[in-house]
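Okay, so here's the structure we're looking at.
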Protein chains: 2
Amino acid sequence: MAAESQRTTTVSSTVEDYLKVVLKIEDMKQRASTSRVARHLDVADATVTDMLRKLKKAGLLEYKPYYGATLTRKGRRMAVRMLRRHRLLEMFLHQVLGYGWEQVHQEAERLEHAVSDLFISRIDALLDYPAQDPHGEAIPDARGFRQVEDDLCLAEAEPGSYIIRKVTNSEAEFLAYLDKVGLRPAIRFSLQEKAPFQGPLKLLPEGGREPVYLGLEASGSIFVVPLKQRPPAPLPEGAASRQAGDRPGRATEKEEA
Amino acid sequence: MAAESQRTTTVSSTVEDYLKVVLKIEDMKQRASTSRVARHLDVADATVTDMLRKLKKAGLLEYKPYYGATLTRKGRRMAVRMLRRHRLLEMFLHQVLGYGWEQVHQEAERLEHAVSDLFISRIDALLDYPAQDPHGEAIPDARGFRQVEDDLCLAEAEPGSYIIRKVTNSEAEFLAYLDKVGLRPAIRFSLQEKAPFQGPLKLLPEGGREPVYLGLEASGSIFVVPLKQRPPAPLPEGAASRQAGDRPGRATEKEEA
DNA sequence: CCCCATTTTTAGATCAGTCTAATAAATTAC
DNA sequence: GTAATTTATTAGACTGATCTAAAAATGGGG
Ligand SMILES: [Mn+2]
Ligand SMILES: [Mn+2]
Ligand SMILES: [Mn+2]
Ligand SMILES: [Mn+2]
(Lines give C-alpha, C1' and ligand atoms only; values in the text may rest on other atoms or scores of the structure.)
(Ligands and ions follow the chains in the order given, each with its own letter.)
Protein backbone atom coordinates (compact mmCIF):
# COMPACT_ATOMS: atom_id res chain seq x y z
CA MET A 1 0.00 0.00 0.00
CA ALA A 2 3.00 2.27 0.50
CA ALA A 3 2.58 4.85 -2.25
CA GLU A 4 5.17 3.63 -4.75
CA SER A 5 7.63 6.46 -5.25
CA GLN A 6 7.02 6.99 -8.95
CA ARG A 7 10.57 8.28 -9.48
CA THR A 8 11.37 8.36 -13.15
CA THR A 9 15.00 7.35 -12.89
CA THR A 10 16.95 8.02 -16.05
CA VAL A 11 19.38 5.36 -17.13
CA SER A 12 21.88 4.97 -19.94
CA SER A 13 21.05 3.04 -23.06
CA THR A 14 23.49 0.40 -21.87
CA VAL A 15 21.47 -0.12 -18.73
CA GLU A 16 18.28 -0.24 -20.77
CA ASP A 17 19.72 -3.07 -22.82
CA TYR A 18 20.81 -4.99 -19.73
CA LEU A 19 17.33 -4.75 -18.28
CA LYS A 20 15.75 -5.92 -21.52
CA VAL A 21 18.02 -8.93 -21.61
CA VAL A 22 17.27 -9.91 -18.03
CA LEU A 23 13.55 -9.63 -18.75
CA LYS A 24 13.92 -11.74 -21.87
CA ILE A 25 15.77 -14.44 -19.95
CA GLU A 26 13.21 -14.40 -17.14
CA ASP A 27 10.42 -14.65 -19.71
CA MET A 28 12.09 -17.80 -21.02
CA LYS A 29 11.89 -19.15 -17.45
CA GLN A 30 15.64 -19.27 -17.16
CA ARG A 31 17.98 -18.03 -14.48
CA ALA A 32 19.57 -14.70 -15.40
CA SER A 33 23.10 -15.85 -14.65
CA THR A 34 26.14 -13.73 -15.31
CA SER A 35 27.24 -15.77 -18.29
CA ARG A 36 23.80 -15.94 -19.83
CA VAL A 37 23.40 -12.20 -19.68
CA ALA A 38 26.91 -11.82 -21.06
CA ARG A 39 26.13 -14.07 -23.99
CA HIS A 40 22.98 -12.15 -24.89
CA LEU A 41 24.80 -8.84 -24.81
CA ASP A 42 28.03 -10.09 -26.28
CA VAL A 43 30.21 -8.71 -23.52
CA ALA A 44 32.67 -10.36 -21.14
CA ASP A 45 31.36 -12.09 -18.02
CA ALA A 46 33.39 -9.79 -15.80
CA THR A 47 31.62 -6.82 -17.30
CA VAL A 48 28.28 -8.26 -16.37
CA THR A 49 29.29 -9.00 -12.79
CA ASP A 50 30.16 -5.36 -12.40
CA MET A 51 27.03 -4.09 -14.03
CA LEU A 52 24.69 -6.37 -12.10
CA ARG A 53 26.16 -5.07 -8.89
CA LYS A 54 25.56 -1.55 -10.10
CA LEU A 55 21.98 -2.28 -11.12
CA LYS A 56 21.31 -3.86 -7.76
CA LYS A 57 22.58 -0.73 -6.06
CA ALA A 58 20.25 1.28 -8.30
CA GLY A 59 17.35 -0.86 -7.14
CA LEU A 60 16.62 -2.23 -10.59
CA LEU A 61 17.28 -5.87 -9.81
CA GLU A 62 18.24 -8.28 -7.11
CA TYR A 63 21.67 -9.79 -7.47
CA LYS A 64 23.00 -12.80 -5.63
CA PRO A 65 26.70 -13.48 -6.29
CA TYR A 66 27.28 -16.82 -7.98
CA TYR A 67 23.60 -17.03 -8.72
CA GLY A 68 22.32 -14.23 -10.90
CA ALA A 69 19.80 -11.44 -11.24
CA THR A 70 16.07 -10.98 -10.75
CA LEU A 71 14.30 -7.82 -11.82
CA THR A 72 12.68 -5.71 -9.12
CA ARG A 73 9.31 -4.13 -9.79
CA LYS A 74 11.08 -0.97 -10.83
CA GLY A 75 13.53 -2.77 -13.12
CA ARG A 76 10.72 -4.76 -14.65
CA ARG A 77 8.72 -1.64 -15.30
CA MET A 78 11.63 -0.13 -17.16
CA ALA A 79 12.33 -3.32 -19.09
CA VAL A 80 8.73 -3.66 -20.21
CA ARG A 81 8.76 -0.05 -21.27
CA MET A 82 11.74 -0.78 -23.51
CA LEU A 83 9.99 -3.82 -24.93
CA ARG A 84 7.04 -1.63 -25.82
CA ARG A 85 9.24 0.97 -27.43
CA HIS A 86 11.18 -1.61 -29.37
CA ARG A 87 8.14 -3.36 -30.74
CA LEU A 88 6.19 -0.23 -31.53
CA LEU A 89 9.20 1.09 -33.38
CA GLU A 90 9.50 -2.15 -35.34
CA MET A 91 5.89 -1.90 -36.33
CA PHE A 92 6.32 1.70 -37.34
CA LEU A 93 9.36 0.94 -39.46
CA HIS A 94 7.50 -1.91 -41.10
CA GLN A 95 4.16 -0.23 -41.70
CA VAL A 96 5.11 3.36 -42.32
CA LEU A 97 8.61 3.22 -43.74
CA GLY A 98 8.28 -0.08 -45.56
CA TYR A 99 11.05 -1.98 -43.82
CA GLY A 100 11.11 -5.74 -44.21
CA TRP A 101 10.50 -7.72 -41.05
CA GLU A 102 14.11 -8.81 -41.17
CA GLN A 103 15.30 -5.19 -41.16
CA VAL A 104 13.33 -3.72 -38.31
CA HIS A 105 15.10 -5.20 -35.33
CA GLN A 106 18.49 -3.65 -35.87
CA GLU A 107 17.11 -0.17 -36.35
CA ALA A 108 14.73 -0.44 -33.40
CA GLU A 109 17.57 -1.61 -31.19
CA ARG A 110 19.11 1.86 -31.52
CA LEU A 111 15.98 3.99 -31.79
CA GLU A 112 14.39 2.56 -28.66
CA HIS A 113 16.95 4.54 -26.64
CA ALA A 114 16.73 7.73 -28.65
CA VAL A 115 13.08 8.55 -29.19
CA SER A 116 10.98 10.52 -26.72
CA ASP A 117 7.77 9.39 -25.08
CA LEU A 118 5.97 11.81 -27.38
CA PHE A 119 7.40 10.04 -30.42
CA ILE A 120 6.23 6.72 -29.06
CA SER A 121 2.73 7.94 -28.35
CA ARG A 122 2.48 9.52 -31.79
CA ILE A 123 3.47 6.39 -33.67
CA ASP A 124 1.21 4.36 -31.42
CA ALA A 125 -1.74 6.50 -32.52
CA LEU A 126 -0.58 6.58 -36.15
CA LEU A 127 -0.53 2.79 -36.20
CA ASP A 128 -3.87 2.69 -34.41
CA TYR A 129 -2.55 1.07 -31.26
CA PRO A 130 -1.22 -2.18 -32.64
CA ALA A 131 -1.20 -5.26 -30.41
CA GLN A 132 1.65 -7.12 -32.14
CA ASP A 133 4.92 -6.24 -33.80
CA PRO A 134 5.95 -7.48 -37.26
CA HIS A 135 7.20 -10.73 -35.75
CA GLY A 136 3.89 -11.34 -34.04
CA GLU A 137 5.18 -10.48 -30.57
CA ALA A 138 2.78 -8.71 -28.24
CA ILE A 139 3.31 -5.00 -27.68
CA PRO A 140 2.86 -4.08 -24.02
CA ASP A 141 0.36 -1.28 -23.57
CA ALA A 142 1.20 2.17 -22.24
CA ARG A 143 0.54 1.08 -18.67
CA GLY A 144 2.92 -1.84 -18.93
CA PHE A 145 0.36 -4.58 -19.28
CA ARG A 146 1.28 -7.49 -21.45
CA GLN A 147 -0.81 -10.12 -23.10
CA VAL A 148 -0.21 -13.60 -21.80
CA GLU A 149 1.07 -15.63 -24.72
CA ASP A 150 -0.76 -18.91 -25.11
CA ASP A 151 1.09 -20.26 -28.09
CA LEU A 152 3.07 -23.39 -28.55
CA CYS A 153 6.62 -23.88 -29.75
CA LEU A 154 6.67 -25.52 -33.16
CA ALA A 155 9.52 -27.72 -31.96
CA GLU A 156 7.05 -29.33 -29.55
CA ALA A 157 4.08 -29.50 -31.87
CA GLU A 158 2.53 -32.70 -33.17
CA PRO A 159 1.50 -33.07 -36.83
CA GLY A 160 -1.65 -31.11 -37.58
CA SER A 161 -2.90 -27.71 -38.67
CA TYR A 162 -1.58 -24.53 -37.14
CA ILE A 163 -1.49 -20.81 -37.50
CA ILE A 164 1.79 -18.98 -36.94
CA ARG A 165 1.59 -16.65 -34.00
CA LYS A 166 5.09 -15.28 -33.67
CA VAL A 167 8.72 -15.78 -34.59
CA THR A 168 11.19 -15.03 -31.83
CA ASN A 169 14.43 -14.73 -33.70
CA SER A 170 15.98 -11.59 -35.00
CA GLU A 171 18.60 -12.93 -37.37
CA ALA A 172 17.93 -11.20 -40.65
CA GLU A 173 18.96 -14.14 -42.82
CA PHE A 174 16.64 -16.51 -41.01
CA LEU A 175 13.69 -14.16 -41.20
CA ALA A 176 14.33 -13.45 -44.86
CA TYR A 177 14.32 -17.18 -45.47
CA LEU A 178 11.06 -17.75 -43.63
CA ASP A 179 9.51 -14.94 -45.58
CA LYS A 180 10.68 -16.45 -48.82
CA VAL A 181 9.12 -19.82 -48.09
CA GLY A 182 5.91 -18.17 -46.97
CA LEU A 183 6.15 -18.57 -43.21
CA ARG A 184 4.96 -15.43 -41.45
CA PRO A 185 2.69 -14.57 -38.53
CA ALA A 186 -1.00 -15.24 -39.23
CA ILE A 187 -0.13 -17.72 -41.95
CA ARG A 188 -1.76 -21.14 -41.73
CA PHE A 189 0.20 -24.31 -42.44
CA SER A 190 0.09 -27.99 -41.71
CA LEU A 191 2.87 -29.80 -39.95
CA GLN A 192 3.04 -32.99 -41.96
CA GLU A 193 5.77 -34.91 -40.21
CA LYS A 194 8.59 -34.72 -37.74
CA ALA A 195 11.59 -36.86 -38.51
CA PRO A 196 12.74 -38.70 -35.39
CA PHE A 197 16.01 -38.09 -33.56
CA GLN A 198 16.09 -34.29 -33.78
CA GLY A 199 15.23 -34.57 -37.42
CA PRO A 200 13.71 -31.84 -39.56
CA LEU A 201 10.03 -30.93 -39.73
CA LYS A 202 8.06 -31.08 -42.93
CA LEU A 203 5.45 -28.41 -43.31
CA LEU A 204 3.15 -27.13 -45.95
CA PRO A 205 2.31 -23.42 -45.84
CA GLU A 206 -1.16 -22.14 -46.64
CA GLY A 207 -0.68 -21.45 -50.34
CA GLY A 208 -0.08 -25.18 -50.72
CA ARG A 209 2.98 -25.13 -52.94
CA GLU A 210 6.23 -26.87 -52.10
CA PRO A 211 6.64 -28.41 -48.65
CA VAL A 212 9.21 -26.70 -46.44
CA TYR A 213 11.76 -28.59 -44.37
CA LEU A 214 12.84 -26.95 -41.18
CA GLY A 215 15.55 -27.97 -38.74
CA LEU A 216 14.47 -28.54 -35.15
CA GLU A 217 16.71 -25.67 -34.10
CA ALA A 218 14.92 -23.27 -36.42
CA SER A 219 11.51 -24.51 -35.35
CA GLY A 220 12.37 -23.54 -31.79
CA SER A 221 11.81 -19.88 -32.56
CA ILE A 222 8.47 -20.35 -34.28
CA PHE A 223 5.38 -20.29 -32.11
CA VAL A 224 2.04 -21.51 -33.28
CA VAL A 225 -1.57 -22.05 -32.29
CA PRO A 226 -3.47 -25.21 -33.25
CA LEU A 227 -6.25 -24.62 -35.76
CA LYS A 228 -9.86 -25.86 -35.72
CA GLN A 229 -10.38 -28.77 -33.32
CA ARG A 230 -10.67 -26.55 -30.28
CA PRO A 231 -12.12 -28.55 -27.40
CA PRO A 232 -14.53 -26.02 -25.87
CA ALA A 233 -12.71 -26.18 -22.54
CA PRO A 234 -15.30 -26.55 -19.77
CA LEU A 235 -15.22 -23.36 -17.75
CA PRO A 236 -14.59 -24.06 -14.09
CA GLU A 237 -17.53 -22.78 -12.07
CA GLY A 238 -17.20 -19.16 -11.01
CA ALA A 239 -14.89 -18.39 -13.94
CA ALA A 240 -16.69 -15.49 -15.55
CA SER A 241 -17.06 -16.12 -19.25
CA ARG A 242 -14.56 -13.93 -21.01
CA GLN A 243 -16.09 -11.96 -23.77
CA ALA A 244 -14.23 -10.09 -26.51
CA GLY A 245 -11.50 -11.36 -28.78
CA ASP A 246 -11.92 -15.02 -27.96
CA ARG A 247 -10.83 -16.05 -31.42
CA PRO A 248 -8.73 -19.22 -31.62
CA GLY A 249 -5.74 -19.01 -29.39
CA ARG A 250 -5.71 -15.29 -28.83
CA ALA A 251 -5.08 -14.78 -25.17
CA THR A 252 -6.97 -12.01 -23.48
CA GLU A 253 -5.42 -12.16 -20.05
CA LYS A 254 -2.89 -9.63 -19.06
CA GLU A 255 -0.22 -9.35 -16.45
CA GLU A 256 2.32 -6.99 -15.02
CA ALA A 257 1.78 -3.53 -13.60
CA MET B 1 42.36 14.50 -59.15
CA ALA B 2 43.76 12.05 -56.63
CA ALA B 3 40.91 9.59 -56.19
CA GLU B 4 39.55 10.74 -52.82
CA SER B 5 39.68 7.77 -50.49
CA GLN B 6 35.95 7.47 -49.83
CA ARG B 7 36.57 5.97 -46.40
CA THR B 8 33.37 6.03 -44.44
CA THR B 9 34.90 6.75 -41.06
CA THR B 10 32.53 6.07 -38.20
CA VAL B 11 32.46 8.59 -35.40
CA SER B 12 30.66 8.93 -32.10
CA SER B 13 27.59 11.08 -31.75
CA THR B 14 29.71 13.46 -29.70
CA VAL B 15 32.05 13.97 -32.63
CA GLU B 16 29.08 14.43 -34.93
CA ASP B 17 27.81 17.25 -32.74
CA TYR B 18 31.23 18.93 -32.64
CA LEU B 19 31.41 18.87 -36.42
CA LYS B 20 27.93 20.31 -36.76
CA VAL B 21 28.80 23.15 -34.43
CA VAL B 22 32.00 24.00 -36.27
CA LEU B 23 30.07 24.05 -39.55
CA LYS B 24 27.41 26.27 -38.05
CA ILE B 25 30.01 28.73 -36.82
CA GLU B 26 31.81 28.74 -40.15
CA ASP B 27 28.49 29.32 -41.91
CA MET B 28 28.02 32.39 -39.76
CA LYS B 29 31.41 33.58 -41.06
CA GLN B 30 32.92 33.40 -37.62
CA ARG B 31 36.12 31.85 -36.38
CA ALA B 32 35.54 28.48 -34.74
CA SER B 33 37.49 29.32 -31.62
CA THR B 34 37.72 27.03 -28.63
CA SER B 35 35.42 29.12 -26.49
CA ARG B 36 32.85 29.63 -29.21
CA VAL B 37 32.61 25.91 -29.83
CA ALA B 38 32.44 25.35 -26.08
CA ARG B 39 29.58 27.79 -25.71
CA HIS B 40 27.56 26.15 -28.49
CA LEU B 41 28.01 22.71 -26.99
CA ASP B 42 27.76 23.78 -23.39
CA VAL B 43 30.99 22.09 -22.33
CA ALA B 44 34.14 23.45 -20.73
CA ASP B 45 36.76 25.11 -22.89
CA ALA B 46 39.38 22.57 -21.85
CA THR B 47 37.16 19.81 -23.17
CA VAL B 48 37.05 21.48 -26.56
CA THR B 49 40.80 21.97 -26.76
CA ASP B 50 41.21 18.24 -26.26
CA MET B 51 38.54 17.30 -28.72
CA LEU B 52 39.74 19.65 -31.44
CA ARG B 53 43.17 18.08 -31.20
CA LYS B 54 41.60 14.67 -31.55
CA LEU B 55 39.50 15.71 -34.53
CA LYS B 56 42.56 17.18 -36.19
CA LYS B 57 44.37 13.89 -35.74
CA ALA B 58 41.35 12.17 -37.30
CA GLY B 59 41.63 14.47 -40.32
CA LEU B 60 38.22 16.04 -39.77
CA LEU B 61 39.44 19.58 -39.23
CA GLU B 62 42.47 21.81 -39.08
CA TYR B 63 43.35 23.08 -35.67
CA LYS B 64 45.72 25.89 -34.84
CA PRO B 65 46.35 26.35 -31.11
CA TYR B 66 45.19 29.71 -29.85
CA TYR B 67 43.31 30.20 -33.08
CA GLY B 68 40.63 27.60 -33.67
CA ALA B 69 39.30 25.02 -36.08
CA THR B 70 38.52 24.80 -39.78
CA LEU B 71 36.72 21.82 -41.26
CA THR B 72 38.56 19.71 -43.79
CA ARG B 73 36.72 18.44 -46.83
CA LYS B 74 36.11 15.19 -44.98
CA GLY B 75 34.90 16.92 -41.82
CA ARG B 76 32.67 19.19 -43.85
CA ARG B 77 31.16 16.27 -45.67
CA MET B 78 30.26 14.65 -42.39
CA ALA B 79 28.92 17.87 -40.92
CA VAL B 80 26.69 18.53 -43.93
CA ARG B 81 25.45 14.99 -43.73
CA MET B 82 24.38 15.61 -40.16
CA LEU B 83 22.69 18.85 -41.16
CA ARG B 84 20.73 16.94 -43.75
CA ARG B 85 19.75 14.26 -41.25
CA HIS B 86 18.75 16.80 -38.66
CA ARG B 87 16.59 18.84 -40.97
CA LEU B 88 14.96 15.90 -42.70
CA LEU B 89 14.12 14.46 -39.31
CA GLU B 90 12.62 17.76 -38.21
CA MET B 91 10.47 17.84 -41.30
CA PHE B 92 9.40 14.27 -40.74
CA LEU B 93 8.46 14.92 -37.12
CA HIS B 94 6.51 17.98 -38.17
CA GLN B 95 4.73 16.58 -41.22
CA VAL B 96 4.20 12.96 -40.29
CA LEU B 97 4.03 12.93 -36.52
CA GLY B 98 2.45 16.33 -36.06
CA TYR B 99 5.15 17.93 -33.93
CA GLY B 100 5.09 21.71 -33.56
CA TRP B 101 8.03 23.56 -35.07
CA GLU B 102 9.16 24.37 -31.56
CA GLN B 103 9.30 20.67 -30.65
CA VAL B 104 11.21 19.20 -33.54
CA HIS B 105 14.71 20.39 -32.78
CA GLN B 106 15.22 18.63 -29.49
CA GLU B 107 14.06 15.29 -30.81
CA ALA B 108 16.05 15.57 -34.03
CA GLU B 109 19.16 16.39 -32.03
CA ARG B 110 19.10 12.85 -30.66
CA LEU B 111 17.64 10.99 -33.61
CA GLU B 112 20.17 12.36 -36.08
CA HIS B 113 22.77 10.09 -34.47
CA ALA B 114 20.59 7.04 -34.17
CA VAL B 115 18.80 6.53 -37.47
CA SER B 116 20.27 4.59 -40.36
CA ASP B 117 20.85 5.85 -43.88
CA LEU B 118 17.91 3.71 -44.92
CA PHE B 119 15.66 5.52 -42.47
CA ILE B 120 16.80 8.84 -43.86
CA SER B 121 16.21 7.86 -47.44
CA ARG B 122 12.78 6.48 -46.61
CA ILE B 123 11.57 9.62 -44.89
CA ASP B 124 13.10 11.70 -47.68
CA ALA B 125 10.93 9.84 -50.18
CA LEU B 126 7.88 9.87 -47.90
CA LEU B 127 8.13 13.65 -47.63
CA ASP B 128 8.72 13.90 -51.37
CA TYR B 129 12.24 15.23 -51.09
CA PRO B 130 11.62 18.44 -49.20
CA ALA B 131 13.94 21.40 -49.75
CA GLN B 132 13.41 23.12 -46.41
CA ASP B 133 12.84 22.10 -42.84
CA PRO B 134 10.03 23.43 -40.64
CA HIS B 135 12.11 26.50 -39.81
CA GLY B 136 12.66 27.27 -43.46
CA GLU B 137 16.28 26.14 -43.44
CA ALA B 138 17.55 24.42 -46.55
CA ILE B 139 17.97 20.66 -46.45
CA PRO B 140 21.21 19.58 -48.14
CA ASP B 141 20.60 16.97 -50.80
CA ALA B 142 21.86 13.40 -50.64
CA ARG B 143 25.10 14.36 -52.39
CA GLY B 144 25.85 17.12 -49.92
CA PHE B 145 24.87 20.05 -52.09
CA ARG B 146 23.36 22.99 -50.32
CA GLN B 147 21.32 25.86 -51.61
CA VAL B 148 22.99 29.20 -51.28
CA GLU B 149 20.82 31.28 -49.02
CA ASP B 150 20.09 34.71 -50.44
CA ASP B 151 18.00 36.05 -47.65
CA LEU B 152 18.43 39.04 -45.45
CA CYS B 153 18.53 39.34 -41.69
CA LEU B 154 15.47 41.15 -40.43
CA ALA B 155 17.69 43.07 -38.02
CA GLU B 156 19.26 44.73 -41.08
CA ALA B 157 16.10 45.25 -43.10
CA GLU B 158 14.60 48.63 -43.94
CA PRO B 159 10.85 49.26 -43.68
CA GLY B 160 8.94 47.57 -46.49
CA SER B 161 7.25 44.32 -47.47
CA TYR B 162 8.90 40.97 -46.90
CA ILE B 163 8.30 37.28 -46.86
CA ILE B 164 9.78 35.19 -44.08
CA ARG B 165 12.33 32.73 -45.38
CA LYS B 166 13.68 31.10 -42.25
CA VAL B 167 14.07 31.35 -38.50
CA THR B 168 17.43 30.28 -37.14
CA ASN B 169 16.70 29.85 -33.48
CA SER B 170 15.78 26.67 -31.75
CA GLU B 171 14.52 27.94 -28.42
CA ALA B 172 11.08 26.44 -28.04
CA GLU B 173 9.59 29.41 -26.19
CA PHE B 174 10.71 31.85 -28.85
CA LEU B 175 9.37 29.72 -31.68
CA ALA B 176 6.08 29.18 -29.89
CA TYR B 177 5.79 32.93 -29.50
CA LEU B 178 6.48 33.63 -33.16
CA ASP B 179 3.93 31.06 -34.11
CA LYS B 180 1.38 32.64 -31.85
CA VAL B 181 1.81 36.09 -33.39
CA GLY B 182 1.67 34.62 -36.87
CA LEU B 183 5.31 34.78 -37.88
CA ARG B 184 6.32 31.65 -39.77
CA PRO B 185 8.26 30.79 -42.92
CA ALA B 186 6.40 31.78 -46.12
CA ILE B 187 4.35 34.35 -44.26
CA ARG B 188 4.27 37.88 -45.69
CA PHE B 189 4.48 40.92 -43.46
CA SER B 190 5.40 44.54 -43.61
CA LEU B 191 8.11 46.06 -41.51
CA GLN B 192 6.52 49.35 -40.50
CA GLU B 193 9.20 50.99 -38.44
CA LYS B 194 12.47 50.44 -36.63
CA ALA B 195 12.90 52.39 -33.43
CA PRO B 196 16.35 53.97 -33.32
CA PHE B 197 19.13 53.00 -30.88
CA GLN B 198 18.64 49.21 -30.94
CA GLY B 199 14.96 49.78 -30.50
CA PRO B 200 12.25 47.28 -31.35
CA LEU B 201 10.80 46.64 -34.79
CA LYS B 202 7.14 47.12 -35.54
CA LEU B 203 5.73 44.65 -38.01
CA LEU B 204 2.37 43.72 -39.36
CA PRO B 205 1.90 40.09 -40.37
CA GLU B 206 -0.10 39.14 -43.42
CA GLY B 207 -3.50 38.62 -41.80
CA GLY B 208 -3.34 42.32 -40.91
CA ARG B 209 -4.38 42.14 -37.29
CA GLU B 210 -2.41 43.57 -34.41
CA PRO B 211 1.09 44.88 -35.12
CA VAL B 212 3.91 42.84 -33.53
CA TYR B 213 6.83 44.44 -31.74
CA LEU B 214 10.07 42.52 -31.88
CA GLY B 215 13.34 43.20 -30.10
CA LEU B 216 16.42 43.66 -32.28
CA GLU B 217 17.93 40.59 -30.64
CA ALA B 218 14.97 38.46 -31.68
CA SER B 219 14.93 39.90 -35.18
CA GLY B 220 18.50 38.67 -35.62
CA SER B 221 17.30 35.12 -36.07
CA ILE B 222 14.62 35.91 -38.61
CA PHE B 223 15.62 35.96 -42.25
CA VAL B 224 13.51 37.50 -44.94
CA VAL B 225 13.28 38.25 -48.64
CA PRO B 226 11.97 41.57 -49.94
CA LEU B 227 8.64 41.33 -51.74
CA LYS B 228 7.54 42.84 -55.04
CA GLN B 229 9.81 45.66 -56.15
CA ARG B 230 12.42 43.36 -57.58
CA PRO B 231 14.70 45.37 -59.85
CA PRO B 232 14.99 42.94 -62.79
CA ALA B 233 18.75 42.70 -62.29
CA PRO B 234 20.43 43.17 -65.70
CA LEU B 235 22.07 39.84 -66.53
CA PRO B 236 25.76 40.31 -67.19
CA GLU B 237 26.56 39.12 -70.71
CA GLY B 238 27.36 35.44 -70.96
CA ALA B 239 25.38 34.69 -67.81
CA ALA B 240 23.01 32.05 -69.00
CA SER B 241 19.50 32.90 -67.92
CA ARG B 242 18.61 30.66 -65.02
CA GLN B 243 15.39 28.88 -65.61
CA ALA B 244 13.39 27.00 -62.98
CA GLY B 245 12.42 28.18 -59.54
CA ASP B 246 13.30 31.81 -60.08
CA ARG B 247 10.53 32.96 -57.83
CA PRO B 248 11.35 35.94 -55.64
CA GLY B 249 14.41 35.36 -53.64
CA ARG B 250 14.68 31.61 -54.00
CA ALA B 251 18.30 30.87 -54.67
CA THR B 252 19.08 28.17 -57.15
CA GLU B 253 22.84 28.05 -56.82
CA LYS B 254 24.44 25.28 -54.93
CA GLU B 255 27.75 24.65 -53.27
CA GLU B 256 29.74 22.03 -51.51
CA ALA B 257 30.61 18.52 -52.70
C1' DC C 1 33.94 -36.60 0.69
C1' DC C 2 37.18 -34.91 -2.48
C1' DC C 3 38.67 -33.50 -7.13
C1' DC C 4 38.00 -31.19 -11.32
C1' DA C 5 35.64 -28.70 -14.76
C1' DT C 6 32.85 -24.85 -15.13
C1' DT C 7 31.23 -20.52 -13.68
C1' DT C 8 31.93 -16.36 -11.41
C1' DT C 9 34.32 -12.78 -9.24
C1' DT C 10 38.47 -9.95 -8.46
C1' DA C 11 42.29 -7.20 -9.90
C1' DG C 12 44.20 -4.17 -12.83
C1' DA C 13 43.88 -1.58 -17.27
C1' DT C 14 42.10 1.11 -21.09
C1' DC C 15 39.27 4.46 -23.65
C1' DA C 16 36.05 8.29 -24.46
C1' DG C 17 34.32 12.23 -22.68
C1' DT C 18 34.09 15.26 -19.33
C1' DC C 19 35.39 18.51 -15.28
C1' DT C 20 38.21 22.10 -12.28
C1' DA C 21 42.18 24.63 -11.16
C1' DA C 22 46.46 26.32 -12.52
C1' DT C 23 49.29 28.24 -16.03
C1' DA C 24 50.40 30.42 -20.28
C1' DA C 25 49.51 32.98 -24.52
C1' DA C 26 47.16 36.58 -26.92
C1' DT C 27 44.78 40.82 -27.01
C1' DT C 28 43.33 45.17 -25.41
C1' DA C 29 43.81 49.33 -22.80
C1' DC C 30 46.34 52.96 -21.29
C1' DG D 1 55.29 49.06 -24.56
C1' DT D 2 53.88 47.39 -20.35
C1' DA D 3 49.88 45.95 -17.56
C1' DA D 4 45.49 44.11 -17.20
C1' DT D 5 42.07 41.31 -19.18
C1' DT D 6 40.56 37.68 -21.83
C1' DT D 7 41.18 33.39 -24.06
C1' DA D 8 43.33 29.02 -24.43
C1' DT D 9 46.12 25.14 -22.90
C1' DT D 10 47.98 22.00 -19.50
C1' DA D 11 47.67 19.07 -15.56
C1' DG D 12 45.30 16.04 -12.95
C1' DA D 13 41.14 13.66 -11.90
C1' DC D 14 36.64 11.23 -12.49
C1' DT D 15 32.80 8.32 -14.48
C1' DG D 16 30.87 4.67 -17.28
C1' DA D 17 31.66 0.85 -19.91
C1' DT D 18 34.50 -2.24 -21.34
C1' DC D 19 38.59 -5.80 -21.56
C1' DT D 20 42.11 -9.74 -20.05
C1' DA D 21 44.20 -12.64 -16.79
C1' DA D 22 44.24 -14.55 -12.35
C1' DA D 23 41.90 -16.24 -8.31
C1' DA D 24 37.95 -18.21 -6.06
C1' DA D 25 33.49 -20.48 -5.56
C1' DT D 26 30.18 -23.96 -7.14
C1' DG D 27 28.51 -28.34 -8.18
C1' DG D 28 28.78 -33.12 -9.99
C1' DG D 29 31.12 -37.76 -10.59
C1' DG D 30 33.56 -40.92 -8.63
MN1 LIG E 1 18.94 -1.40 -27.67
MN1 LIG F 1 10.15 -7.97 -32.91
MN1 LIG G 1 22.87 15.92 -31.96
MN1 LIG H 1 15.55 23.40 -38.12
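Given the structure is predicted, the values throughout are model-derived calculations rather than measurements. Chain letters run A, B, ... following the sequence lines, proteins first, then strands; residues in each count from 1.
- Partner A/E137 forms a side-chain hydrogen bond (donor to acceptor under 3.5 Å, both in side chains) with one of A/Q147, A/K166, A/R87 and no other, that one being A/R87.
- Atom CG in A/L55 sits about 12 Å away from atom C1' in D/dA17, given to the nearest Å.
- Using a 4.0 Å heavy-atom cutoff across all strands shown, A/S35 reaches sugar-phosphate atoms only and no base atom.
- Between B/R165 and B/D150 there is a salt bridge, since a side-chain N of the basic residue sits under 4.0 Å from a carboxylate O of the acidic one.
- We find that CE of B/M51 is positioned 14 Å from C1' of C/dC19, with the value rounded to whole Å.
- Residue B/Y66 has its side chain nearest to C/dA25 when only C/dT18, C/dA25, D/dT18 are considered.
- A salt bridge is defined here as a Lys NZ or Arg NE, NH1 or NH2 lying under 4.0 Å from an Asp or Glu carboxylate O, and B/D117 with B/R85 meets this definition.
- At the heavy-atom level, B/T47 lies under 4.0 Å from base atoms of the strands shown.
- Take the nearest nucleotide of DNA chain D for B/T49 and for A/A46: the residue whose nucleotide is more 5' is B/T49.
- Atom CD of A/E16 has more than 12 heavy atoms from other residues, nucleotides or ligands within 6.0 Å.
- Close placement of the B/W101 and B/H135 rings is indicated, their centers lying within 6.0 Å of each other.
- For B/K54 and C/dA16, the NZ to P distance is 6 Å, given to the nearest whole Å.
- In this structure, NZ of A/K57 is placed 13 Å from C1' of D/dT15, rounded to the nearest angstrom.
- The side chain of B/Y18 places no N or O atom within less than 4.0 Å of a non-bridging phosphate oxygen (OP1 or OP2) of C/dA16.
- D/dT18 atom C1' lies 14 Å from atom CG of A/L52, rounded to whole Å.
- Put simply, CG on B/D42 is 14 Å from C1' on C/dG17, counting in whole angstrom units.
- In this structure, A/D45 places its CG atom 17 Å from P of D/dT26, rounding to the nearest Å.
- The interatomic distance linking B/R31 (CZ) with D/dA8 (C1') rounds to 10 Å, in whole Å.
- Close to D/dA17, at under 4.0 Å from its OP1 or OP2, lies a side-chain N or O of A/S12.
- Backbone-only contact: A/R53 has heavy atoms under 4.0 Å from sugar-phosphate atoms and none from a base.
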